[in-house]
There are 2 protein chains.
Amino acid sequence: MLGAVRFRGGGETGVRQPGSQGAAVAMADEAAKLDEALRRQGDTVRRLKQEKASPEEVAEQVAKLLELKAQLGTEEGKHKFVLKTPKGTRDYNPKQMAIREKVFNIIISTFKRHGAEVIDTPVFELKETLTGKYGEDSKLIYDLKDQGGELLSLRYDLTVPFARYLAMNKITNIKRYHIAKVYRRDNPAMTRGRYREFYQCDFDIAGQFDPMIPDAECLKIVHEILSGLQIGDFLIKVNDRRILDGMFAVCGVPDSKFRTICSTVDKLDKATWEDVKSEMVGEKGLSREAADRIGEYVQLHGGLGLIEQLLQDPKLSQNKLAQEGLGDMKLLFEYLTLFGIADKISFDLSLARGLDYYTGVIYEAILLQPRNAHKEEPVSVGSVAGGGRYDGLVGMFDPKGRKVPCVGVSIGIERIFSIMEQKVEASEEKIRTTETQVLVAAAQKKLLEERLKLISELWDSGIKAEMLYKKNPKLLNQLQYCEDNGIPLVAIIGEQELKDGVVKLRVVATREEIDVRRENLVEEIKRRTCQP
Amino acid sequence: MLGAVRFRGGGETGVRQPGSQGAAVAMADEAAKLDEALRRQGDTVRRLKQEKASPEEVAEQVAKLLELKAQLGTEEGKHKFVLKTPKGTRDYNPKQMAIREKVFNIIISTFKRHGAEVIDTPVFELKETLTGKYGEDSKLIYDLKDQGGELLSLRYDLTVPFARYLAMNKITNIKRYHIAKVYRRDNPAMTRGRYREFYQCDFDIAGQFDPMIPDAECLKIVHEILSGLQIGDFLIKVNDRRILDGMFAVCGVPDSKFRTICSTVDKLDKATWEDVKSEMVGEKGLSREAADRIGEYVQLHGGLGLIEQLLQDPKLSQNKLAQEGLGDMKLLFEYLTLFGIADKISFDLSLARGLDYYTGVIYEAILLQPRNAHKEEPVSVGSVAGGGRYDGLVGMFDPKGRKVPCVGVSIGIERIFSIMEQKVEASEEKIRTTETQVLVAAAQKKLLEERLKLISELWDSGIKAEMLYKKNPKLLNQLQYCEDNGIPLVAIIGEQELKDGVVKLRVVATREEIDVRRENLVEEIKRRTCQP
């Protein structure tokens, strides 16, 4: 989905990373170069620390430093092992997982509310399955080493595997979601939530239906999810590949240049019109006049009014493709108005989307003012969702070329996640990373066996319970453990309680203690932790 | 976790698959060979079909056939595109996902009941992170192609990434679970639920604690999960690496041969003692006498009685390691008895486990009589869970070699899943793949706008609702859609209802219809689908 955003980073990764193991063998003076790079990187980190830069930023630079050190180690033959995750990837610690679960729950419940089924596909596909689907982005695909057998690549998105799945199983009609990690050898920018391994949450509707009804539902879903996440104001830009192609035609772009000019227009969300124009005229060899005509169109954005205006446009009204696209766009806005979400949608002629396979409506959602944004960050943190209609993709896989029209949307959670993370840190709200209801504790020594018996009773009754893995833990340490981990209750046993057939139940927050008959303990815990 | 089971398959994958793209270039007569292989494979499939073999078995053979055809295509230069997932992998369709979710929920709720946090790590690691951790199984690791930058491999299990995570973050104390896919270039046997991409559900306890308390909890967890899944009777074999090493020592195995002899013993779950012995004497060069002495020990299995007996064993009682291991084993059985699960645990001297990194207690759970098992299948479908103590692994990553004692267990769901799948098919119970509560339907034409308005109201009130993506669907088709998808309610609108400000709510099962005032519709739907 992040095709548009990912596009610009792409070029840089085309070149070998300095000091890659491959390059190491190739070049002789590598080590010297690295020494220099290492020194410079060291300075950068020191400077950032003095400037009190954001922890993420420092962490990122330190990571680069470690990488260089590792490479230097390899260069010099003496192996220095570096403890890190691969470039552009991250671990999720329990706190981060808790936030991630929260985000997923909102997304999944929205997909289910719209009646979607769920599927899963392998993390890698036959290399040829991905070939010729991503245009200029293909160079970002991770290939697996040929160890004998099939040539494999890591999935680049969830859309192509979905199309492969439909064709393979001859499915012509399905509404499904799929949440999984995808892989892009892109230039990571972790502080902005851009990774080489990242999640996509896809919802797609496949089947032959009446125009714009499924397309409108996809936009409704984006609206529901971004509202539900409460991460600030957002805008959903929409356009149509047919309108773009019609526009290119009337501006005098030769058919052969449609796709490549489209890729250039796609950069407008990051680059100025001047840069984009000079790429069109320079690299892509478009006439200055054609570029200027495009320039006039791509400034336009609005709603139904703009659609009406373009339907009357002397040039566009002569182009069949454009007319189709504009007609459907009008229908779409009518449906979005019935859904009550038209105010957040902007028909934007500068929206192009990076990927090759779109054939009709395309859209992209951007956050406008993320809460607790970094001071360094621009007002827009860029795309958090995107998608569109791809009626030709399944046909590329079907032996008989049978077409299955599809439209879908992909939510990219990494940016959303880093905003939520900052939000939590700022609000200092304490999130629990376990659901433990009660700690089984002992008041005196030599009660390990009794603790084991009691906790096993609780587990078997479905109570979430923990105990310290010590033979004779101090009561104070056991209570402290509850404080530290937000465990609400403590079930304390001592000689006296055992004699009396009771357990002392302590409420950590209030320090209130009551004796509960052993046979009533489970009920009492369930009652006090309001778990049915 | 499946180290033991996976071991034997390993050898075969060492050799290049015939017709791999690499081999294609290398060999000239490849195409001819493939033609032959193709013919033979064709016969196999035809035979199986005549013999009415199980669908899975046929499917597997057909897959091989397709693969050969693909390769032949490549050989001959003329590219035949084959629509398939990579060898040893599978898609999950919505029905299968529903079953998978059920299995995961039982496993996750058990992990949470024991107070575990959750983490996640990348699907690939630096190659060197995995180096030297898996012994003879290392050849099954998937490497990524060197595209510049770091050398990467797909994770082989979740244990090594966990140890890397602990060392990297200097964590000395954590109880966490991790559920994710792992990758092994093994010989797949899909009918028996053996894949190259498969899930592991890991629970581990890291930290310095009193002996056998965390170890006992891991076994309790396996017992809770396998009981909860209701997939038939099971047995958990336990042993200890220290007892094995002590046993090898007193049998006259030279220290240098401990690991390799251990790997051979590990094959006892699949091979006969004669085969194992001949490998010890032949390949591994052990003396016949030593092998025979080992042979006597590895036949032994039992409970506390056997432990007591071995503690008195004239030879073993002289060995410090064995004494330690047996002492702890006795303690473990005492704790398991307090947990009330000792009856399902068998102290088995033939259990060795494949992986290198175990240092103490090891265990493996096997299903005894899976329900609805294939007639072809043996009484034991083999290991569904395994694990043990690995006190040295984290130290391998720590720059200062600081040790963090760990014990854990890994549940392999693929076998469990295929049993559950057969169970569902046999019972013919209809599983829903969506949660849709109501279908928004129209009784007459020209009501699309009204349907869109109503469904959007329902979605915004949290109701799971669907509608057909047609402008004017027939009422009969709309009702049929509910029958097919198990949707319990239909909200029908027609001109009259709109005039009266009501919606006709139809109960699909009973065909009962009532008029509900529009403002009460959400409440009524929630009430009838008993959703709060």
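Just so we're clear, the structure is a prediction, and the values are computed from it rather than from any experiment. Each chain gets a letter, A, B and so on, in the order the sequences are listed, and its residues count up from 1.
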Can you tell me which of A:Leu448, A:Asn169, A:Leu468, A:Thr110 forms the most heavy-atom pairs within a distance under 4.5 Å of chain B? A:Leu448
Looking at chain A, which one of B:Glu435, B:Glu101, B:Gln96 has the largest number of heavy-atom pairs inside 4.5 Å, strictly under? B:Glu435
Select, from B:Val118, B:Leu126, B:Thr436, the one with the greatest count of heavy-atom pairs under 4.5 Å involving chain A. B:Val118
Residue A:Ala216 versus chain B: region with a heavy atom under 4.5 Å: neither
Is it the side chain or the backbone of A:Ile341 that comes within 4.5 Å of chain B heavy atoms, both, or neither? neither
Shortest non-hydrogen contact from B:Pro211 to B:Leu331? O-CD2, 3.8 Å
Using heavy-atom distances under 4.5 Å, tell me whether A:Ile205 contacts chain B through its side chain, its backbone, both, or neither. side chain
Salt-bridge criterion met for B:Arg164 and B:Glu125 (N-O under 4.0 Å): yes
Any carboxylate oxygen within less than 4.0 angstrom of a Lys/Arg side-chain nitrogen, looking at B:Glu150 and B:Lys127? no
Given the side-chain rings of B:Tyr142 and A:Phe124, with only the six-membered ring counted for Trp, is the space between their centroids under 6.0 Å? yes
Tell me which of these, A:Glu224, A:Lys175, A:Lys95, A:Arg432, has more heavy-atom pairs under 4.5 Å with chain B than the rest. A:Lys175
Have A:Glu117 and B:Thr434 got a donor and an acceptor in their side chains that come within less than 3.5 Å? no
Are A:Phe198 and A:Tyr183 an aromatic pair by the rule of ring centers under 6.0 Å? no
Could you check whether B:Thr121 and A:Asp91, counting side-chain N and O atoms only, form a donor-acceptor pair closer than 3.5 Å? no
Distance alone, cut at 3.5 Å: any donor-acceptor contact between the side chains of A:Glu449 and B:Tyr335? no
Could you tell me which portion of A:Leu152 (side chain, backbone, both or neither) has an atom closer than 4.5 angstrom to a non-hydrogen atom of chain B? side chain
Which portion of B:Thr129 sits near chain A, non-hydrogen atoms under 4.5 angstrom: both
Measuring heavy-atom distances to chain A, does B:Leu458 have an atom under 4.5 Å in its side chain, in its backbone, in both, or in neither? neither
Cut-off 4.5 Å, heavy atoms of chain A, and the answer for B:Ile487 is neither
Hey, which of A:Arg176, A:Glu457, A:Arg90 has the most heavy atom pairs under 4.5 Å with chain B? A:Arg90
Name the member of A:Ile174, A:Val123, A:Asn485 that forms the most heavy-atom pairs with chain B at distances under 4.5 Å. A:Val123
Donor + acceptor pair across side chains of B:Glu217, B:His114 (<3.5 Å): yes
Chain B contact via A:Ile141 - which portion, at a heavy-atom distance below 4.5 Å: backbone
Exceeds 12 heavy-atom contacts within 6.0 angstrom, atom NZ of B:Lys470: yes
Segment of A:Glu450 engaging chain B (4.5 angstrom heavy-atom cut-off): neither
If we only count heavy atoms from C-beta on, is the B:Tyr195 to B:Pro188 side-chain gap below 4.5 Å? no
Heavy-atom pairs under 4.5 Å with chain B are the metric here; pick the option from A:Met212, A:Glu197, A:Met467 that has the most. A:Glu197
Between B:Asp120 and A:Lys181, is there a side-chain N and carboxylate O pair less than 4.0 Å apart? yes
Find the one option among A:Pro122, A:Gly340, A:Ser109 whose heavy-atom pairs under 4.5 Å with chain B are most numerous. A:Pro122
Top of B:Met97, B:Glu334, B:Arg113 for chain A proximity - count of heavy-atom pairs under 4.5 angstrom: B:Arg113
What part of A:Lys220 lies closer than 4.5 angstrom to a heavy atom of chain B: side chain, backbone, both or neither? side chain
Scored by heavy-atom pairs under 4.5 Å with chain A, the best of B:Leu452, B:Asn93, B:Ile119, B:Asp210 is B:Asp210
